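Source: prediction; values computed, not measured. The first residue in the sequence is number 1, and the count goes up from there.
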Amino acid sequence: MEFIEEKTPDGITLKVMLKKGHFLAFNRSGSVIYADEEKASSIHELPVIFFMSIYLKVERRKESALQFYKIINNEIVIPYSDLRDNKRYYQFVKINKTIDLIPVLIYEFKDITALVREMEKGTIPNTIVVDSNVHREDIVILKNRNPDATVVLAGEGDNKQKWERYKKNDLNKNYNRRAVEETNEKNLNMMSENPVFLARIHLRKMDISKVNQLLLDFDISPLEAEYILQFIHTMLEKEIGDAMDDIQKNRSKLMALVDSFQFYLSLLNKNSDEVKKMIEKTDDTISLASYNTILAKVKLFFPEEEEQLMFIEYENLLFEKKDQIQSKKH
């Protein structure tokens, strides 16, 4: 069995089985240090920690995901630097271990897209560390993707009261302002390559037709569609800031937008049950026309014969539904 061996300052021997995501620990006399209080298992799970920030840089002994960090008072101590002030800081992550040094798989990401891609490969974090520039909707998506992960704010460790207060106040206060600031800072040509960013700007201005147009102008990925949907849901649920009145006035249009993006996402994910359910629930020809347009766009992404047959079935369902609606009117 292949393993990496490391001796800790306290004389504990760690044997890391990287491919399996496990490690063993032995004290100075060679006895096993068990992973649980009941002494039922000698196998320790490797903690997986994600950092998501454009400013924070984790200190590493070598360029590898596998790092060894000290444990002090049942907390992993992870040193990192902040590029904004070039100072060194420490992130504390709670862990219930009696050893003095622990192997950790640690990954760094500059945005949520890269982070989610890593999760889709099968790397599932126990802890996700974010900084104050991460938007609230990013955090919601992370928690939806991995409810078991603990999301903490860099510099505040596991201080739940501070973290909850930050989520409720600062993130909600700043997320409208940031979108406007970024519009002034970014070149329009750069923005034109980013449908998620454009969606946020259009929504901020309540230019709903332009958000709808993004579905036709861009090959929006499932993650991007999910991101935009989450942003619309947040607007509808929270009615944040100065836009509260506009959100109330445009609630029906925003709900229709949610419907369009949800249909698009269901098609991309080949969620046949959801697609059929949405078609069946539709009771107006305007929504059906929107579905037909979206279907024609997404159909181009799936050239295989079996996939094309699936889309033909959806087209037939839309045609039949249109007939049903029109027959009720006569």
Please say whether the positively charged group of Lys276, taken as NZ for Lys or CZ for Arg, lies over the ring of Tyr314, i.e. under 6.0 angstrom from the six-membered ring centre and within 45 degrees of the axis.
no
Check for a donor-acceptor pair, side chain of Asp111 on one end and backbone N or O of Ala114 on the other, with a separation under 3.5 Å.
yes
Without swapping roles, check the side chain of Asn250 against the backbone of Asp246 for a donor-acceptor pair under 3.5 Å.
yes
For Pro9 and Asp100, which heavy atoms make the closest approach, and how far apart are they?
CD-OD2, 3.1 Å
Could you tell me whether Phe302 and Phe311 have their ring centroids closer than 6.0 angstrom?
yes
Residues [X] and [Y] bridged, charged N to O under 4.0 Å:
| X | Y | value |
| --- | --- | --- |
| Lys20 | Glu45 | no |
| Lys297 | Asp219 | yes |
| Asp85 | Lys87 | no |

Any side-chain heavy atom of Gln262 sitting closer than 4.5 Å to one from Leu229?
yes
Going by heavy atoms in the side chains, are Asn133 and Ile54 under 4.5 Å from each other?
no
Just checking Phe319: does its CZ atom have more than 12 heavy atoms from other residues, nucleotides or ligands closer to it than 6.0 angstrom?
no
Going by the angle between their ring planes, with limits at 30° and 60°, are Phe50 and Phe109 parallel, tilted or perpendicular?
perpendicular
